[in-house]
Structure formats: structure tokens, C-alpha cells
Amino acid sequence: MKKRLYTDLHTHSRLSDGMLSQDDLIEEAGKAGIRALAITDHNLDCPDFEELASRHPDMELIRGSEISCLYRTSSGEEKELHVVALDYDSDNPLMKQIFRKDIHDRKPYVDAILEKLRENGIDLGTYETLKADYPETHHLGRKQIADALKERGYTKTVDEGFDIYIGNFGERRAYVKYPFAYASLEEVTEAIIAAKGIPVLAHLFYYGLSEEENRKLLKHFSDLTAGIGAMEVEYGKYTRAQRDELKKYASEYGLMESAASDFHGQSETQSLENAFPYEMYERMKERRKQYYSVSA
């Protein structure tokens, strides 16, 4: 019987807020039967992609990045969205411009969260002591703080750290609004398409929008990416009912279906074992080939 192969199009390494090195992540993905893998570290183009791919010839490594962008809702509220860029040309000048714009000095932001935690009786040290625990990361922030809260016994799980202290939702006892401006959704999708990549709207239900606002966003994203846009449908943290709803949205708005564990490291809610059929990426890859051969 032929062994079934899988894909995962949204994962993170220690270069941003994941727990594993890129090499270890690829090795673990291979053990899980994954044939095609995108490492999508936040606002970062993999600095040694070709070399990394050459070290793992059995893995179809996909160039990727999870890019933060700004979107304005009907009420005028500015929301941070995440768009996963897949299979793009890293030498494209518009993509380089997006990465330059979205990389910030995160020390003042982290310092502000650590101060709010101290006000809640929790001392995790300084930015420098936290950074020493994660020397490879270009994206020190809430994920590492949530890890530290769990490791030092202030919370039972990483998710609890977000829910009680630092997340966008929940009690928000030490929440600090991210103070920097990102590129707009329009700029990010324009750059990905100029670089002949696939723009994927990540984890729709993460943004806390109403159904009406979800539909407005999907319509706008579909218009911006007509013919080559995708959205995450098979998302590791979502229930079957949520995934079925996302599948209906994708069909209604003409978006390809993408698959994502959003893996940061083995935990109660994340696993590379929860993988997705390789055929999902094959369909996206074929669409990309047809789209850009026509558009060229």
C-alpha cells in the first residue's frame, strides 16, 4: 500500500517564535510524513533558503513568510492581519521593501509588556535576559513571553499566558498594543503577486471580526488576489465545524484552500502529526504555474 504524503504550509522556527531550529523542524516534519513544508517565520525571508533546501533533499521546501499587515474595518478600526506568502521570488524589489518596512526594533514593546507583568507581580527579567534565551530569533515578543510564563510556573500552559495576560482577547492583564506600523494589506498582496507568489490569508477567526466583517475582508482579499489568492481552511487549532465554515467561505469567494498547523513547537494544541494531504499543495502549485504563465 502506497504511503500517504502530507503538506504543511505554515510553520515557525527559532528564527521567529518557534521552538525548533529550521533543520530540526524539517527533520520532525519528515518523520510526520510531510513531503512539502513551508517555514513561514514572521516578517522574515529565510536567509539561507537554497542551502537549507540542499541539506534536506527529501523535503520539498517551500519559500515562505508570515507577513503582518494593516487593514481598516468598516468602523475605521485598524486591524493587524497576517498573510502567508508562498513560493515568491525573494529578489523582487517590492518584497524586499515589505520586509524592510515590517522589521522593527521590538525592545520597547517587549519592555512595556515586562513592566506590566511586574505590576501584576510577575518578574521575567529584562529584554536582554529574555533575548539570551532565544539568541536566534528576529521576532522576540509575546510567544517567548508566554513560554517563559509557563516555564516559570506562572501559568499551566502557553495559551493560558495569552488568555490571562498578554493576548488580544481574554483578561489582558498585561496587554500592550503593538506600537508600530506595518505595510497595508494592499501593499503586501501587491508585492507577493509581483514576486509571483501565492498570498494566503491566515487564520481568519484569529482577528475577532463579526461575520459581516469577515465577509467584507474576504471580498476585499479576493478582489486583490483574484485568481491566485488562498485562505487557510485546514488550520490545526480549529474545530471541524470551523474548518467546514472556512471551506464554504473559500468556495464562495473563489479562494484556494491552504493547510496550516501554525506549528511553533510540540504542545497541547500543536502537532506536526496533524498534517494535511499533499494534494492540497499540488493544486495550489498548479494554479500558480497556470496563473503566472498567463500573466507573464
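Note that these values count all heavy atoms, side chains included, but never hydrogens, waters or copies made by symmetry. From a predicted model like this one, the values you see are computed outputs, not experimental measurements.
- Remark: the backbone N or O of L94 is paired with a side-chain donor or acceptor of N92 at under 3.5 angstrom.
- Following chains of ILVMFWY side-chain contacts shorter than 4.5 Å, one can reach L201 starting from L224, so the two form part of one hydrophobic cluster.
- Under 3.5 Å, the side chains of S13 and D41 contain a donor-acceptor pair of N or O atoms.
- For the pair D262 and K237, the salt-bridge criterion is not met [side-chain N within less than 4.0 Å of a carboxylate O].
- Looking at R215 and E252, a side-chain N of the basic residue comes within less than 4.0 Å of a carboxylate O on the acidic one, giving a salt bridge.
- Using a 4.5 Å cut-off between side-chain heavy atoms of Ile, Leu, Val, Met, Phe, Trp and Tyr, with links allowed through other members, L15 and I67 fall into different hydrophobic clusters.
- Electrostatic pairing of K247 and E257 counts as a salt bridge here, judged by a charged N lying under 4.0 Å from a carboxylate O.
- A salt bridge between K216 and E212 is absent, with no side-chain N of the basic residue lying under 4.0 Å from a carboxylate O of the acidic one.
- Among the candidates E232, M284, E234, M280, the single residue satisfying the side-chain contact (heavy atoms from CB on, under 4.5 Å) test with L9 is M284.
- Between H42 and H82, the angle of the ring planes goes over 60°, which puts this pair in the perpendicular group of the 30/60° scheme.
- The aromatic rings of Y206 and H203 sit tilted, their planes meeting at an angle between 30° and 60°.
- The shortest distance between side-chain heavy atoms of H10 and E66 falls below 4.5 Å.
- Here the side chain of T137 pairs a donor or acceptor atom with the backbone of S16 at under 3.5 angstrom.
- In this structure, the side chain of R288 does not engage the main chain of I198 through any donor-acceptor pair within 3.5 Å.
- With respect to the salt-bridge test (charged N to carboxylate O, under 4.0 angstrom), the residues R63 and D89 do not qualify.
- Ion pair R55/E51 flagged as a salt bridge, since at least one NZ, NE, NH1 or NH2 atom sits closer than 4.0 Å to an Asp/Glu carboxylate oxygen.
- Using modelled atom types, one finds no donor on one side chain facing an acceptor on the other under 3.5 Å when comparing R106 with Y127.
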Quiz item: Could you go step by step and tell me if K101 and E187 meet the salt bridge (Lys or Arg N to Asp or Glu O under 4.0 Å) rule?
Solution: CA-CA 11 Å; K101 188 168 185 175; E187 290 174 309; 3.4 Å; yes

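- Using modelled atom types, one side-chain atom of T11 and one backbone atom of A38 make a donor-acceptor pair closer than 3.5 Å.
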